[in-house]
Structures are given as C-alpha cells and as structure tokens.
*Asks:* 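One structure, pasted below without further comment.
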Amino acid sequence: MAFSRIRTFFLLIALIVLIVIFFNVFQRLPFLNRGFISSEKIIVIDSGHGGKDSGTISVNNHYEKDINLEIGKKLYKKLKSMGYKVILTRETDEFLDNNHRADIANENKAEIFISIHGNAMENNNNINGIQVLYYPNREGTNSTLAQMILDEMVKDTGALDKGIVDREDLIVLNQTKMPAIIIEYGFLSNEDEEKLLLTNSYQNKVVGSIAEGLKKYFSLNS
C-alpha cells in the first residue's frame, strides 16, 4: 500500500515536470507570442537648456531654450496622438543637469531619446540647415536613427542637409542606454532660418518630419 502511494506521488511529480517543460518550449514559438508583443514605444523628448542656461541667443535676441521647449511640447503632442508613450524631461523653463536628463531616459527604460536643440555659428550668419548628432558606438542603431530623422526633416522642411555627426563627448548621448540623438533643427545665427523657426507652421513641419522619421525607424526595427 505504501509502495503504491510512493509510486503515485512520483508519477504526479513526473507529470508536473513534463507539463512545465511543455509550456516552456511551446511558449517560445512565434505564433504563440504574437498576441503578447507590446506595440508601446517609450520616447523621451528632451528640450535642451532651460532656466539659467539660455542656450544660444538668436540674431534677434530670442533664447534657444524657449524655442526648444516649444518644439519639444509640440512633438510630445504629436507623438501622443500617434499612440506612443512620451516623456518630457522638462515642461517648463527650468534648469536640468545633463546627467539628470540621461537618468530620466534610463530609469524609464525608453526606447528612443531625442534632445531638441538650435544651432549657431559665431561670426557667420550665412550658415543654415539641419544637423543631427549621435553617439557612434551602438552597433549602428544610432547612426541609422539619426539619418532617417534627418532625411525626413530635410524633405519636409526644405532646409539644407548638414549631415549626421558622431559625438562621443556629449553626456545626453554617451550616458543614455538606448538609441539617442540630438536634433539641431536650424541655425539661430541665421536671420532667415530664425524667422522660420519662430513660426508655428515651420515648427509643425519640424515636428511632423521627426514623427515620420520615428515611424519609419520603428517599422524597420520592430
């Protein structure tokens, strides 16, 4: 009688083990996982500078920090309307340490980090165009993201293509753990470009092109 109980016990244990193995193997099959793949993409938008740090001052005395924030908030609304989860590093005119900006992205496990900035060239107010900076040592994902965003921005705005540039020395790029770029949306030292960047219509073009670039990037890297 005792032997029968022991045998039944071990048979139950063996059955449980087989069931566990069965589910561990089959739950890895692609057709079983399709319904469990999240489509949520977390994007951190960082409006550069802020507070005591004005950034560059345009030819007509507008602060870069303010334009960055306007574009950042518009981009936030645009991406939210497309179904993305979006986090802003700042929503007001406040100073943030660059390490803290990177920490926000890392702690929220963002998939993309985008920092919004204006450009400037001292003693040359003829330089204009869009440029995207990226950190070079992440298996090509950063340069791919930078190029796709730049291509869409140039196409939609008609601005001059100033190319993508690798930068290892910038904290928001080298301290973030996900694909990260800095978008230099135009030269505030160029009066014509400054005038455009102060208008809602042009800012909306900038925002729409960034959103389209992200959409294409995610479609290739889903």
Side-chain angles (χ1 to χ4, degrees), residues 43-50 53-72 74-75 78-79 89 98 101 112-138 140-174 176 178-217 220-221:
I43 303 167
V44 169
I45 303 299
D46 172 47
S47 297
H49 307 288
D53 177 13
S54 67
T56 192
I57 300 175
S58 75
V59 287
N60 289 304
N61 296 315
H62 295 280
Y63 293 151
E64 179 197 347
K65 64 175 183 176
D66 297 329
I67 302 173
N68 295 346
L69 186 58
E70 282 298 309
I71 292 176
K74 284 184 171 71
L75 183 57
K78 176 68 175 178
L79 294 178
T89 58
N98 284 330
R101 297 171 193 261
I112 298 290
F113 176 89
I114 296 177
S115 192
I116 305 294
H117 284 262
N119 217 332
M121 180 65 69
E122 287 186 23
N123 303 319
N124 190 339
N125 58 10
N126 294 316
I127 301 294
N128 64 299
I130 296 172
Q131 193 171 62
V132 180
L133 315 181
Y134 69 96
Y135 186 72
N137 298 326
R138 290 209 184 108
T141 53
N142 284 2
S143 59
T144 298
L145 174 63
Q147 190 64 63
M148 293 183 81
I149 296 286
L150 178 63
D151 289 346
E152 290 301 316
M153 293 185 73
V154 168
K155 182 177 73 174
D156 291 355
T157 65
L160 184 66
D161 185 341
K162 299 295 287 183
I164 62 173
V165 180
D166 59 276
R167 292 287 298 270
E168 297 186 11
D169 58 321
L170 301 174
I171 291 172
V172 294
L173 298 182
N174 63 38
T176 43
M178 69 293 302
I181 59 173
I182 294 175
I183 295 174
E184 303 271 10
Y185 50 68
F187 282 77
L188 297 174
S189 51
N190 180 289
E191 188 166 11
D192 291 335
E193 203 150 63
E194 176 213 31
K195 286 178 182 177
L196 282 174
L197 286 162
L198 292 172
T199 66
N200 279 322
S201 59
Y202 192 79
Q203 287 184 9
N204 287 334
K205 285 184 180 180
V206 168
V207 164
S209 60
I210 295 171
E212 185 61 25
L214 280 171
K215 182 180 176 181
K216 290 185 176 181
Y217 175 83
L220 291 177
N221 294 275

*Asks:* Can you pull the side chain to side chain donor-acceptor pair (under 3.5 Å) pairs that have at least one residue in residues 144-153, sequence neighbours excluded?
*Replies:*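 As it turns out, the side chain to side chain donor-acceptor pair (under 3.5 Å) pairs with a partner in residues 144-153, which skip direct neighbours, are Gln147-Asp151, Glu152-Lys155, Glu152-Lys216.
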*Asks:* Using only atom types and a distance under 3.5 Å, with no angle test, would you say the side chain of Arg167 pairs donor to acceptor with the backbone of Ile182?
*Replies:* no
*Asks:* With a 3.5 Å distance limit and no angle check, can you tell me whether Asn124 reaches the backbone of Asn126 through a side-chain donor-acceptor pair?
*Replies:* yes
*Asks:* Mind checking what makes side-chain contact (heavy atoms from CB on, under 4.5 Å) contact with Glu168, not counting sequence neighbours?
*Replies:* Tyr135, Pro136, Asn137
*Asks:* Quick check against the 3.5 Å criterion: does Asp46 have a side-chain atom that pairs as donor or acceptor with the backbone of Ile114?
*Replies:*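 Not confirmed, Asp46 side chain does not pair with Ile114 backbone.
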*Asks:* If every non-hydrogen atom of Ala146 is compared with every non-hydrogen atom of Val132, which pair is closest and at what distance?
*Replies:*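 It is CB-CG1, 3.6 Å.
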*Asks:* Would you say the side-chain atoms of Asn68 and Tyr185 include a donor-acceptor pair closer than 3.5 Å?
*Replies:* yes
*Asks:* Where the side chain of Glu194 meets the backbone of Asn60, is there a donor-acceptor pair that is under 3.5 Å apart?
*Replies:*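 Yes.
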*Asks:* Working to the nearest 0.5 angstrom, can you tell me the gap between Leu150 CG and Ile181 CD1?
*Replies:*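 Between atom CG of Leu150 and atom CD1 of Ile181 there are 9.0 Å.
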*Asks:* Of the non-hydrogen atoms in Leu145 and Pro179, which two are nearest, and what is the gap between them?
*Replies:*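 Looking at all heavy atoms of both residues, the closest pair is CD2-CB, 4.0 Å.
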*Asks:* I need the Ile43 CD1 to Leu75 CG distance, nearest 0.5 Å.
*Replies:* 7.5 Å
*Asks:* Got a donor-acceptor contact below 3.5 angstrom from the Ser189 side chain to the Met121 backbone?
*Replies:* yes
*Asks:* What's the shortest heavy-atom distance between Ser47 and Gly72, and which atoms?
*Replies:* OG-CA, 3.6 Å
*Asks:* Once rounded to the nearest 0.5 Å, what's the spacing between atom OG of Ser58 and atom CG of Asn190?
*Replies:*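 The OG atom of Ser58 sits 11.0 Å away from the CG atom of Asn190.
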*Asks:* Between CD of Glu64 and CG of Leu69, what distance do you get to the nearest 0.5 Å?
*Replies:* 12.0 Å
*Asks:* What pairs with Lys195 under salt bridge (charged side-chain N to carboxylate O under 4.0 Å, His left out), at least two apart in sequence or on another chain?
*Replies:* none
*Asks:* Tell me, with the steps shown, if Val44 and Thr89 meet side chain to side chain contact (heavy atoms under 4.5 Å, CB included).
*Replies:* CA-CA 7 Å; Val44 169; Thr89 58; 3.7 Å; yes
*Asks:* Which residues pass the side-chain contact (heavy atoms from CB on, under 4.5 Å) test with Asp66, not counting sequence neighbours?
*Replies:* Tyr63
*Asks:* Can you tell me how far the CD1 atom of Ile164 sits from the CD1 atom of Ile130, to the nearest 0.5 Å?
*Replies:*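 So the gap between those two atoms works out to 14.0 Å.
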*Asks:* Would Leu198 and Ile67 count as a side chain to side chain contact (heavy atoms under 4.5 Å, CB included) here? Give the steps.
*Replies:* CA-CA 7 Å; Leu198 292 172; Ile67 302 173; 3.8 Å; yes
*Asks:* Which heavy atom of Tyr217 sits nearest to which heavy atom of Ile112, and what is that distance?
*Replies:*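 Tyr217 and Ile112 have their closest heavy atoms at CE2-CD1, 3.6 Å.
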*Asks:* Nearest 0.5 angstrom please: His62 NE2 to Ser54 OG, how far?
*Replies:* 13.5 Å
*Asks:* Taking all non-hydrogen atoms of both residues into account, name the closest pair between Val59 and Glu191 and its distance.
*Replies:* CG2-CA, 3.7 Å
*Asks:* Between Glu193 (side chain only) and Phe187 (backbone N and O only), is there a donor and an acceptor less than 3.5 Å apart?
*Replies:* yes
*Asks:* Quick one: which residue pairs count as a ring pair (Phe, Tyr, Trp, His ring centres under 6.0 Å) with a foot in residues 113-132, not counting sequence neighbours?
*Replies:*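 Output for this query lists His49-His117.
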*Asks:* For residues 202-211, run the donor-acceptor check on the side chains, cut-off 3.5 Å, and write out each pair with its distance to 0.1 Å, sequence neighbours left out.
*Replies:*
unit_1 : atom_1 : unit_2 : atom_2 : d
Gln203 : OE1    : Lys74  : NZ     : 2.9
Gln203 : NE2    : Leu197 : O      : 2.8
Asn204 : ND2    : Asn200 : O      : 3.1
Ser209 : OG     : Lys205 : O      : 3.0
Ser209 : OG     : Val206 : O      : 2.8

*Asks:* For a quick test of reading the model, state the closest non-hydrogen atom pair linking Glu184 to Leu133 and the distance between them.
*Replies:* OE2-CD1, 3.8 Å
